[in-house]
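For reference, the structure discussed in these notes is given below.
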Amino acid sequence: TMETLAVERPKVGVAAVVLRSGNILVGERRASHGAGTLQLPGGHLEYGEEFSACAVRELKEETGVVASSSNAYTLAVTNDVFSNEHKHYITVFVVVGQTSGEPMVMEPDKCASWSWVSVEDLILRATKEKDSVFLPLHHLCSLHADELRAADEKSRAGSRS
């Protein structure tokens with residue numbers, strides 16, 4: 001009913017945007033809503049936590065990859081309503097700084113695998129095959145593709161210097 005739904009407030013999710021030489025780190029989701037779709041590493045923002053700290057923490061918990069939060073920055077924010085599941089998230093996408101280590105599946109119940117895909121391939125897939133990517137990632141790629149491309153360019157330029 002409308003009364004019970006009105007009590008449910010949106011939750012805040014933070015996604016780590018990890019860029020390496022033109023590729024972005026994505027995982028196959030096993031968690032409750034959006035199982036089987038492509039997602040970025042991420043999770044819930046804790047009370048009092050900075051967006052960048054959350055992205056770095058979740059990235060390490062889920063993949064074992066260690067990142068710096070010192071030069072991390074917010075790329076975009078999406079408004080994600082999962083109507084079938086009656087869930088509503090505000091997702092903050094954070095580009096993390098320098099990373100070390102190769103991604104491993106640290107939470108097999110939540111994620112099946114991690115892989116590097118080209119930013120352009122991800123944008124194409126997210127717009128052409130909407131149901132194959134997790135809703136927030138679909139929103140990022142369809143509404144903020146230019147910001148994602150710019151972050152990719154910036155990351156490539158940084159790795160060359």
Side-chain angles (χ1 to χ4, degrees), residues 1-2 4-46 51 54-65 67 72-96 99 102-156:
T1 65
M2 218 43 209
T4 51
L5 287 182
V7 179
E8 276 295 317
R9 298 243 186 266
K11 293 183 172 72
V12 179
V14 175
V17 178
V18 185
L19 298 162
R20 260 189 212 171
S21 51
N23 293 321
I24 185 169
L25 182 62
V26 296
E28 186 190 325
R29 196 173 164 83
R30 266 199 184 142
S32 53
H33 57 300
T37 61
L38 284 188
Q39 63 171 1
L40 300 185
H44 293 102
L45 184 69
E46 303 285 347
F51 296 152
C54 178
V56 167
R57 175 180 59 76
E58 288 287 352
L59 177 64
K60 186 166 191 279
E61 285 173 11
E62 294 184 359
T63 72
V65 171
Y73 62 94
T74 299
L75 179 69
V77 177
T78 58
N79 189 26
D80 311 305
V81 180
F82 300 85
S83 40
N84 294 347
E85 296 91 346
H86 299 298
K87 289 176 189 273
H88 183 180
Y89 277 84
I90 303 301
T91 307
V92 181
F93 290 86
V94 175
V95 177
V96 297
T99 59
E102 282 306 316
M104 295 176 295
V105 176
M106 308 289 276
E107 298 177 337
D109 53 316
K110 291 184 185 171
C111 187
S113 61
W114 293 107
S115 55
W116 297 97
V117 302
S118 89
V119 168
E120 284 307 322
D121 285 351
L122 180 63
I123 291 170
L124 194 64
R125 180 169 170 177
T127 45
K128 295 264 190 288
E129 303 169 45
K130 178 179 187 278
D131 295 336
S132 73
V133 297
F134 192 43
L135 185 63
L137 188 52
H138 165 71
H139 285 155
L140 176 73
C141 292
S142 55
L143 303 171
H144 304 281
D146 289 344
E147 291 96 314
L148 184 53
R149 288 184 180 107
D152 180 37
E153 275 305 308
K154 188 174 168 179
S155 135
R156 290 191 212 205

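Everything numeric here is computed off the predicted structure, so don't read it as measured data. Heavy atoms only: backbone and side chains are in, while hydrogens, waters and symmetry mates are out.
One finds the CD1 atom of Ile24 at 10.0 Å from the OG atom of Ser118 (value rounded to the nearest 0.5 Å). The CG atom of Leu135 lies 8.0 Å from the OG1 atom of Thr91; values are rounded to the nearest 0.5 Å. To the nearest 0.5 angstrom, Leu143 atom CG is 12.0 Å from Leu148 atom CG.
Checked against side chain to side chain contact (heavy atoms under 4.5 Å, CB included), Val95 has the following partners two or more places apart in sequence or in another chain: Val17, Leu19, Tyr73, Leu75, Ala151. Under the salt bridge (charged side-chain N to carboxylate O under 4.0 Å, His left out) criterion, Lys11 pairs with Glu8, sequence neighbours left out. Under the side chain to side chain contact (heavy atoms under 4.5 Å, CB included) criterion, Cys111 pairs with Gln39, Trp114, sequence neighbours left out. Residues satisfying the side-chain hydrogen bond (donor to acceptor under 3.5 Å, both in side chains) criterion with Glu147, sequence neighbours excluded, are His144. Residues satisfying the side chain to side chain contact (heavy atoms under 4.5 Å, CB included) criterion with Ile90, sequence neighbours excluded, are Pro10, Val77, Asn79, His88. Here Thr37 pairs with nothing under the side-chain hydrogen bond (donor to acceptor under 3.5 Å, both in side chains) rule; sequence neighbours left out. Residues satisfying the ring-ring contact (aromatic ring centres under 6.0 Å, His included) criterion with Tyr89, sequence neighbours excluded, are His33, His44. In this structure Arg57 satisfies the salt bridge (charged side-chain N to carboxylate O under 4.0 Å, His left out) test together with Glu46, Glu49, Glu61, sequence neighbours excluded. When the side chain to side chain contact (heavy atoms under 4.5 Å, CB included) test is applied to Ala112, the partners found at least two apart in sequence or on another chain are Glu28, Arg30.
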Practice item. Please lay out, stage by stage, how Glu62 and Met106 fare under the test side-chain contact (heavy atoms from CB on, under 4.5 Å). Key: CA-CA 5 Å; Glu62 294 184 359; Met106 308 289 276; 5.6 Å; no
Practice item. Carefully, step by step, assess Val18 and Thr63 under the rule side-chain contact (heavy atoms from CB on, under 4.5 Å). Key: CA-CA 11 Å; Val18 185; Thr63 72; over 6 Å; no
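Ser21 is not listed as a side-chain neighbour of Trp116, based on a closest heavy-atom distance of 4.5 Å or more. Annotation: side chain of Leu122 is in contact with side chain of Val26 (closest heavy-atom distance under 4.5 Å). The side-chain heavy atoms of Val133 and Cys141, taken from C-beta on, include no pair separated by under 4.5 Å.
For the pair Val94 and Ala55, the tightest heavy-atom approach, listed with the atom from each and the gap, is CB-CB, 3.8 Å. Nearest approach of Gly43 to Cys54, heavy atoms of both residues: O-SG, 4.3 Å. In terms of heavy-atom proximity, Phe93 sits nearest to Leu137 at CZ-N, 4.2 Å. Taking all atoms of both residues into account, the shortest heavy-atom contact from Leu59 to Ala67 is CD2-CB, 3.7 Å.
Among residue pairs with one or both ends in residues 12-22, those qualifying as salt bridge (charged side-chain N to carboxylate O under 4.0 Å, His left out) are Arg20-Glu102; sequence neighbours excluded. Within the structure, salt bridge (charged side-chain N to carboxylate O under 4.0 Å, His left out) pairs that include any residue of residues 114-141 comprise Glu120-Arg149 (at least two apart or interchain). For residues 73-91, no pair satisfies salt bridge (charged side-chain N to carboxylate O under 4.0 Å, His left out), with sequence neighbours left out.
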